[in-house]
Structure formats: structure tokens, C-alpha cells
Amino acid sequence: FGGRAREETLACEIFPLLDQVRHARAHLRRWMRRRRVGTSWFLRPSRAYYQYQPLGVVGVLGAWNYQLLLTVGPMIDAIAAGN
């Protein structure tokens, strides 16, 4: 990564990125689960729920100063969202 110190690259790019991957993997099953919501009284005894689905295509743009963190980080979020 050019003239940047190895420790700065580890502390400011690699470790936060690994933490973001761990967080997404730990919570992904809960994020994918469908959630029940209440229904109106006149729709009883029906059930309603939110089922999250990806819609469309995602484009990720990155910056030049912290390439991995600012490019791969949003890409992890987009992949976890199903895009």
C-alpha cells in the first residue's frame, strides 16, 4: 500500500474489515428471518409478515486513500443484503 506503514494498514483497514465480516456472518441468519407484523381487525384470522428480498443491482464506489476498507466494506454489506 505504497508508503504507508504496515501497522497503519493493519489497524485502519484490515482489522476493521475483518470485524465487519465477522459481524455480518454472526447476524446474517437473524437479518434474513421474516418478521411478523400485526394485521387489521377486519383481516382476522390472517397473518402478515415482512419477507426481505433483494431488489436490483448495487454499484460500489471506493476511495483511493483506504482502498480495502472503503471498497470491500460496502461490498460485504451488499452481499449480506442479497445483492
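From a predicted model like this one, the values you see are computed outputs, not experimental measurements.
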Same cluster for [X] and [Y] if Ile/Leu/Val/Met/Phe/Trp/Tyr side chains link at under 4.5 Å?
| X | Y | result |
| --- | --- | --- |
| Ile79 | Leu68 | yes |
| Met75 | Val21 | yes |
| Val72 | Leu10 | yes |

Determine the interplanar angle of the His27 and His23 rings, folded into 0 to 90°, and report it as parallel if under 30°, tilted if 30 to 60°, perpendicular if over 60°.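 Tilted, since the angle between the ring planes falls between 30° and 60°.
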
Any idea which heavy atoms bring Glu13 and Arg4 closest together, and the distance? OE2-NH1, 2.7 Å

Between Leu69 and Leu17, what is the shortest heavy-atom contact and its length? CD1-N, 4.1 Å

Would you list the atom pairs, donor with acceptor, under 3.5 Å between side chains in residues 45-65 and any protein atom, with sequence neighbours excluded?
{"residue": "Ser46", "atom": "OG", "partner": "Leu43", "partner atom": "O", "Å": "2.5"}
{"residue": "Tyr49", "atom": "OH", "partner": "Arg34", "partner atom": "NH1", "Å": "3.0"}

pair Phe15-Gln20: side-chain heavy atoms closer than 4.5 Å: no

Approximate separation, where rounding is to 0.5 Å, of Gln67 CD and Thr9 OG1: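 Going from CD on Gln67 over to OG1 on Thr9, the span is 9.0 Å.
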
